[in-house]
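Down below is the structure, laid out as structure tokens.
Keep in mind that the numbers below use all heavy atoms, side chains included, and drop hydrogens, waters and symmetry copies. Just so we're on the same page: letters track the sequence lines, and every chain starts at 1.
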There are 2 protein chains.
Amino acid sequence: MKRFPISPESSRCSSCILSDICLPVGMSQHDISLMDEFVKERVRIPKGKQLFSLGDEAEAIYGLRSGAMKILLHDSSGQMQITGFVLPGEIIGIDGLGNSKHLSQAVALEDSEVCVIRVADIDRISPHLPILQQQFRRLMGMEINRSHQMVMTLGTLRSEQRVAAFLLNISSRLAALGYSSRDFILRMSREEIGNYLGLTLETVSRLLSRFAREHLIRIKQREVQILDMAALQAIAGIDVDPDNHLGK
Amino acid sequence: MKRFPISPESSRCSSCILSDICLPVGMSQHDISLMDEFVKERVRIPKGKQLFSLGDEAEAIYGLRSGAMKILLHDSSGQMQITGFVLPGEIIGIDGLGNSKHLSQAVALEDSEVCVIRVADIDRISPHLPILQQQFRRLMGMEINRSHQMVMTLGTLRSEQRVAAFLLNISSRLAALGYSSRDFILRMSREEIGNYLGLTLETVSRLLSRFAREHLIRIKQREVQILDMAALQAIAGIDVDPDNHLGK
DNA sequence: CGATCAATTGAGCCGTCTCAATTTGGGTGG
DNA sequence: CCACCCAAATTGAGACGGCTCAATTGATCG
């Protein structure tokens with residue numbers, strides 16, 4: 001795995017364009033500059049290669065700087081489940097923090113680059129930077145909520161709702177990155193989407209085709225264009241009418 | 001909500017029978033005695049009442065001392081999903097730590113009692129008791145893993161596997177508490193089990209009946225007796241044969 | 001320009017849900 | 001103590017959503 005020191009100025013936390021959605025969210029400029037102290041390393045992961053895998057020592061967490069990754073879980077019978085897709089600015093490896101060993105595997109969907117934050121450094125610095133403890137609590141809390149949201153999706157939504165919710169989720173995360181929320185490229189295959197959503201790849205494909213036939217989206221391979229955001233939200237079960245929350 | 005100070009000696013962390021599976025897990029006797037300092041309060045929650053609900057300030061976490069609870073999530077369209085059942089010795093409210101507001105709701109399945117650990121106290125004491133930070137990281141990590149496991153279950157398992165895995169899960173958690181792993185009473189209804197597993201109550205009922213017909217369990221209302229643990233494990237997909245993990 | 005992999009589309013089947021009827025059990029008041 | 005009531009659980013019949021299997025088309029890449 002290629003590790004290399006961070007280049008002169010370009011990519012410190014203090015000057016990173018992702019700093020407002022990445023780990024330093026909400027930190028003062030002064031505190032962020034302290035982070036430059038221990039984010040000294042970056043790693044490139046070519047498409048298809050893994051950043052870490054099941055059983056690896058969880059000695060660091062990673063901020064995705066560019067590219068896209070998927071997080072995989074394996075069970076005792078060899079089943080595999082994708083628990084999440086990671087976009088730039090998002091954090092990878094939080095789930096290993098509690099155990100010191102990773103229980104998941106992170107694989108690049110395309111050539112990617114991550115910033116390395118060593119757990120040892122965190123523990124060393126956090127006494128002098130109390131906000132860091134809070135940041136980690138917040139990050140882990142976010143991961144818990146994200147995962148609960150996933151449980152909600154898999155437990156209560158029907159296939160068309162899942163696919164619609166998936167598109168909207170990707171859309172809003174890309175929007176937060178400054179990209180268009182209406183036009184984007186999916187970085188994962190139909191099979192990966194299906195696995196993530198608890199559906200087969202055929203079902204995903206059929207639903208995307210149907211959405212296109214109904215003029216909610218335009219889709220050509222992995223290029224997506226959202227034509228009717230409101231209709232997708234309605235399908236996904238995101239009520240615009242606040243009264244509906246009350247009734248049964 | 002009835003709050004009352006902890007009685008003289010009986011129920012301090014340092015003398016609690018749950019201390020080896022509850023929050024103090026792995027702490028030294030000395031460190032545990034420090035915890036007595038800030039676990040000064042307990043709360044009783046009658047069956048059907050809630051400990052906290054969506055939007056409440058997350059000012060504390062709770063260790064379940066007796067009884068049983070369920071954790072609920074609500075979505076914008078009024079759908080409800082049970083994300084977990086809590087047994088004695090387990091911690092409630094971890095999911096609110098990141099946001100300072102609870103996004104879930106905790107409801108008692110039967111008359112219950114929890115120990116209150118105030119977040120403010122944690123923040124005050126943890127600088128002097130570094131192991132506490134680790135404990136919290138560990139707890140949040142466990143919650144993440146638990147939730148990921150849930151995603152795995154909902155994403156990959158078929159109904160009979162989910163129900164079998166559910167029974168085994170409850171069984172092993174009760175065993176950790178010192179109760180029988182073969183005979184126990186379910187504290188939740190078929191409807192609650194179904195909601196939790198992403199199935200209907202009828203499907204749950206049918207599968208329990210089928211398991212009974214096949215002599216894997218005996219079941220009479222909520223009383224469960226496991227007759228063939230190995231067979232249930234086989235159904236749940238817990239391979240005894242380690243070779244199976246490798247092949248596809 | 002063929003080879004290979006990803007995606008689409010169709011046909012038929014199976015598992016789970018829906019709707020409905022019945023049984024069981026527990027609690028309450030006469 | 002018994003009769004009644006209500007909620008929980010069981011069981012059945014039928015419908016339907018999503019899966020499986022299979023064939024075809026469409027990209028991508030040496």
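In this structure A/F184 satisfies the ring pair (Phe, Tyr, Trp, His ring centres under 6.0 Å) test with no other residue, sequence neighbours excluded. Qualifying ring pair (Phe, Tyr, Trp, His ring centres under 6.0 Å) partners for A/H102, counting only residues two or more places apart in sequence or in other chains: A/F52. Residues forming a salt bridge (charged side-chain N to carboxylate O under 4.0 Å, His left out) with A/R182 (at least two apart in sequence, or on another chain): none. For the side chain to side chain contact (heavy atoms under 4.5 Å, CB included) test, residues two or more places apart in sequence or in another chain that qualify with A/K49 are A/I45, A/P46. Under the rule for a salt bridge (charged side-chain N to carboxylate O under 4.0 Å, His left out), the partners of A/R210 that lie at least two apart in sequence or sit in another chain are A/E160, A/E214. By the salt bridge (charged side-chain N to carboxylate O under 4.0 Å, His left out) test, B/R187 pairs with B/E110, sequence neighbours left out. With sequence neighbours excluded, the residues forming a side chain to side chain contact (heavy atoms under 4.5 Å, CB included) with A/A60 are A/Y62, A/V116, listed by chain and number. Scored by the salt bridge (charged side-chain N to carboxylate O under 4.0 Å, His left out) test, A/E202 finds no partners at all (sequence neighbours excluded).
Checking B/N99 against A/N145 by side-chain atom types alone, a donor-acceptor pair falls below 3.5 Å.
Contacts between residues 147-155 of chain A and DNA chain C, counted as heavy-atom distances below 4.0 Å, involve no residue at all.
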Can you give me every donor-acceptor pair (side chain of residues 164-174 of chain B, partner residue at least two apart or in another chain, under 3.5 Å) with its distance?
from, atom 1, to, atom 2, distance (Å)
B/N169, OD1, B/R173, NH1, 2.8
B/S171, OG, B/S181, O, 2.7
B/S172, OG, B/N169, O, 3.2
B/R173, NE, B/E90, OE2, 3.0
B/R173, NH2, B/F85, O, 2.5
B/R173, NH2, B/E90, OE1, 2.9

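Rounded to 10°, the angle separating the first-five-pair axis and the last-five-pair axis of the helix from C/dC1-D/dG30 to C/dG30-D/dC1 equals 40°.
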Next item on the list: Going 5' to 3' through nucleotides 6-22 of chain D, assign each nucleotide B (protein heavy atom under 4.0 Å from a base atom), S (under 4.0 Å only from sugar-phosphate atoms) or - (no protein heavy atom that close).
Entry: --SSBBBB----SSBBB
